[in-house]
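Fair warning: this is a prediction, and the values are worked out from it, not measured in the lab. Indexing begins at 1, ligand by ligand and atom by atom, following the structure's order.
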Amino acid sequence: MLLVRELSKVYGGRVAVDRLTFRIRPGEVVGLVGPNGAGKTTTMRVIAGILAPSAGGVEVDGHDVVRSPIEAKRAVAFVADDPALFPQLTVWEHLELVAGLYRVAGWEDRGRSLLADLQIADRRDSLADELSRGMRQKVAVACALLHRPKLWMLDEPLSGLDPRGIRTLFDAIARHAAEGGAVLLSSHLLSQIERACSRFVILSGGRLVLEGSPDELRARLPDLRGDASLEEIFFQATEAREPPTTGTA
Ligand code: ATP
């Protein structure tokens, strides 16, 4: 579903992502974690086709994001950590706009059910400007999912959501994966995403330091206890002097 191959992204002289390789298969929910500045958002923005790679490549559902940008974008949903909405459009008008851009036929039922699932159906006629931060985040999620993308990419989606919103999102993620979709989720809230993800990609300084299921990660960090949490894995992996040996996806 997603193949990131030897991807590098350089801003000016600064290397933000350095020869990053990983893949996500259908049915997988993968957590992209790493300290501030590790390159998580940059990686997602390249996958979403917002930034061009400096080197290497990305394929979404078999479509190269540079050579086949329209097909690749159709297969992906990207919810940014600070989603931009149009202040003077209502919630429903945002869905209408996205439906037009992606040419989603019969989008109204899907729109209504997304708003109901996200518990913002009663705000469909509110202007974006009148919504709370968490509500704006939910609108961004609804807009991103309207065209039924196969790969969901959510950058720090939990920071503005209330506990019910988080549970609703995790339920939707689990359903999407069970139906053969794939999800890439970035968050610093490790204890929250630990239960939602089957595998983790840990970045530091733009490079992959470790990837695998929690059991695989623990096995590659021999100093850790067998029941070490994702947080303990994170510290051990990102604060180690030498990057541990990485596995393949
Ligand atoms: P955080 O957890 O803080 O959100 P991140 O892992 O998402 O961090 P990025 O936002 O991808 O990290 O940033 C990776 C590196 O790229 C950082 O060194 C950052 O300063 C740099 N960077 C990001 N965006 C730009 C930009 N538009 N111009 C120049 N440098 C940038």
Side-chain angles (χ1 to χ4, degrees), residues 2-24 29-60 65-66 69 72-73 76-85 133-134 136-137 140-141 144 151-161 165-166 169-170 173 182-194 196-197 199-212 217 229-241 243-244 246 249:
L2 172 68
L3 175 60
V4 175
R5 201 180 336 99
E6 289 286 307
L7 174 69
S8 294
K9 179 66 191 176
V10 182
Y11 295 109
R14 185 191 300 274
V15 179
V17 177
D18 190 7
R19 289 164 292 161
L20 175 62
T21 296
F22 67 95
R23 68 167 71 222
I24 304 183
V29 180
V30 174
L32 184 62
V33 299
N36 291 133
K40 303 177 297 292
T41 298
T42 302
T43 299
M44 287 188 160
R45 287 168 70 89
V46 174
I47 296 168
I50 297 167
L51 291 174
S54 305
V58 174
E59 281 176 26
V60 182
V65 296
V66 173
K73 283 190 177 110
V76 69
F78 176 50
V79 182
D81 53 353
D82 56 346
L85 299 182
R133 176 159 167 257
R136 285 199 296 274
Q137 226 166 345
V141 171
L151 172 67
W152 296 5
M153 249 187 343
L154 310 170
D155 193 3
E156 284 291 345
L158 309 179
S159 50
L161 296 185
I166 292 175
L169 185 63
F170 281 163
I173 285 173
V183 182
L184 182 62
L185 188 63
S186 113
S187 179
H188 293 299
L189 303 175
L190 302 179
S191 58
Q192 296 270 16
I193 63 161
E194 188 166 17
C197 299
R199 207 153 59 75
F200 294 90
V201 171
I202 304 178
L203 300 185
S204 185
R207 303 176 92 167
L208 178 83
V209 289
L210 207 58
E211 75 159 306
L217 296 178
S229 66
L230 178 60
E231 188 181 61
E232 290 168 293
I233 293 169
F234 178 91
F235 286 130
Q236 180 87 23
T238 58
E239 290 173 7
R241 249 177 246 283
T246 57

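Under the side chain to side chain contact (heavy atoms under 4.5 Å, CB included) rule, L185 has a single partner from D155, V79, L154, which is L154.
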Residues 12-19 side chain polar contacts: donor-acceptor under 3.5 Å, at least two apart:
none

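Here the side chain of Q236 pairs no donor or acceptor atom with the backbone of I233 at under 3.5 angstrom. Within the 3.5 Å criterion, the main-chain N or O of P157 finds a donor-acceptor partner in the side chain of Q137.
By the 4.0 Å N-to-carboxylate-O rule, K40 lies too far from E156 to be salt-bridged with it.
With no hydrogens or angles considered, a side-chain donor-acceptor pair links S229 and E232 at under 3.5 Å.
Around ligand 1 you find Y11, R14, A16, P35, N36, G37, A38, G39, K40, T41, T42, H188, each with a heavy-atom distance below 4.0 Å.
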